[in-house]
Amino acid sequence: QVQLVESGGGLVQAGGSLRLSCALSGDTFNRFAMAWFRRAPGKERELVAAINWSGINMHYSDSVKGRFTISRYNGKNTVYLEMDNLKPEDSAVYYCAGRLSRVGTLFNDYDYWGQGTQVTVSS
């Protein structure tokens, strides 16, 4: 079955950078649109960024636009989230998600989820 495994979270100071990775196994990666969501304590899960199967079309939430970059390398079955100029409000558990269709913006658009990776940004 399809499995998604995230890596790359951690603790960073405000203004710093982190890169998250998510590897998909169990199916053909380039059939999937991929996304990153996050959930902060006491808040709803929200879309951070999404990318279509080819990597040509991307979507970002307004809160991360200009600071985060989503990309994918189909040859490695991996999607990335490069996070720059991190802020304390970016602290959350970040989840990788996939769907066998075009890009979606809602969490229930996605059928497959990773276990999550914690990102903590200190002020």
Side-chain angles (χ1 to χ4, degrees):
Q1 71 268 19
V2 173
Q3 288 190 316
L4 299 175
V5 179
E6 301 105 334
S7 60
L11 173 65
V12 64
Q13 288 189 329
S17 298
L18 280 175
R19 186 174 83 155
L20 306 182
S21 300
C22 172
L24 183 147
S25 62
D27 205 322
T28 303
F29 183 62
N30 63 14
R31 298 175 63 201
F32 291 78
M34 301 296 297
W36 290 94
F37 287 77
R38 67 185 181 188
R39 179 187 284 166
K43 294 189 177 181
E44 297 290 320
R45 191 176 307 197
E46 63 169 347
L47 176 71
V48 175
I51 190 166
N52 76 326
W53 71 272
S54 68
I56 291 177
N57 296 319
M58 285 82 78
H59 174 88
Y60 295 95
S61 69
D62 288 341
S63 61
V64 306
K65 202 172 293 183
R67 299 187 298 121
F68 291 11
T69 303
I70 188 170
S71 63
R72 64 190 294 158
Y73 183 9
N74 287 346
K76 289 192 173 182
N77 295 349
T78 301
V79 61
Y80 304 96
L81 185 68
E82 180 71 37
M83 304 184 293
D84 298 317
N85 190 20
L86 282 158
K87 304 176 181 181
E89 53 263 41
D90 294 317
S91 296
V93 178
Y94 283 70
Y95 298 89
C96 173
R99 70 185 303 229
L100 285 166
S101 185
R102 54 189 173 183
V103 166
T105 60
L106 303 177
F107 79 89
N108 58 9
D109 288 338
Y110 290 83
D111 302 306
Y112 304 100
W113 292 86
Q115 79 286 355
T117 185
Q118 178 71 47
V119 171
T120 304
V121 185
S122 63
S123 57

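By convention here, the first residue in the shown sequence is residue 1.
Every residue two or more places apart in sequence or in another chain that forms a side-chain contact (heavy atoms from CB on, under 4.5 Å) with Ser54 is listed here: Asn52, Ile56. Residues passing the ring pair (Phe, Tyr, Trp, His ring centres under 6.0 Å) test with Trp113 are Phe37, sequence neighbours excluded. Listed by chain and residue number, Arg99 satisfy the side-chain contact (heavy atoms from CB on, under 4.5 Å) test with Asp111 (two or more places apart in sequence, or in another chain). Applying the salt bridge (Lys or Arg N to Asp or Glu O under 4.0 Å) criterion to Arg38, with sequence neighbours excluded, gives Glu46, Asp90.
With contacts defined as side-chain heavy-atom distances shorter than 4.5 Å, the pair Tyr95/Val93 qualifies.
Each ring pair (Phe, Tyr, Trp, His ring centres under 6.0 Å) pair with one or both residues in residues 44-93, not counting sequence neighbours, would appear here, but there are none.
No chain of hydrophobic side-chain contacts below 4.5 Å, direct or via other Ile, Leu, Val, Met, Phe, Trp or Tyr residues, connects Phe107 to Val64. Placement of Phe29 and Met58 within a single hydrophobic cluster is found when ILVMFWY residues are connected by side-chain heavy-atom separations under 4.5 Å, directly or transitively.
Across all their heavy atoms, Tyr110 and Gly98 have their closest contact at CD2-C, 3.5 Å. When all heavy atoms of Ser101 and Ala33 are compared, the pair lying nearest together is O-CB, 3.1 Å.
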Throw together a table of side-chain donor-acceptor distances under 3.5 angstrom for residues 3-21, partners on residues two or more places apart or in other chains.
| from | atom 1 | to | atom 2 | distance (Å) |
| --- | --- | --- | --- | --- |
| Glu6 | OE1 | Gln115 | N | 3.0 |
| Glu6 | OE1 | Gln115 | NE2 | 3.4 |
| Glu6 | OE1 | Gly116 | N | 2.9 |
| Glu6 | OE2 | Cys96 | N | 2.8 |
| Glu6 | OE2 | Gly116 | N | 3.2 |
| Ser17 | OG | Asp84 | OD1 | 2.8 |

Inset, instruction - Run the numbers on Val2 and Leu24 for side-chain contact (heavy atoms from CB on, under 4.5 Å), then give the verdict. - result: CA-CA 7 Å; Val2 173; Leu24 183 147; 4.1 Å; yes

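We find the CG-CG distance between Leu47 and Asp109 to be 9.0 Å, quoted to the nearest 0.5 Å. Expressed to the nearest 0.5 Å, how far OG of Ser91 lies from CD of Gln118 amounts to 7.0 Å.
Checking Val103, Val79, Ile70 one by one against Met34, the side chain to side chain contact (heavy atoms under 4.5 Å, CB included) holds for a single residue, Val79.
Between the side chain of Arg45 and the backbone N or O of Arg39, no donor-acceptor pair lies under 3.5 Å.
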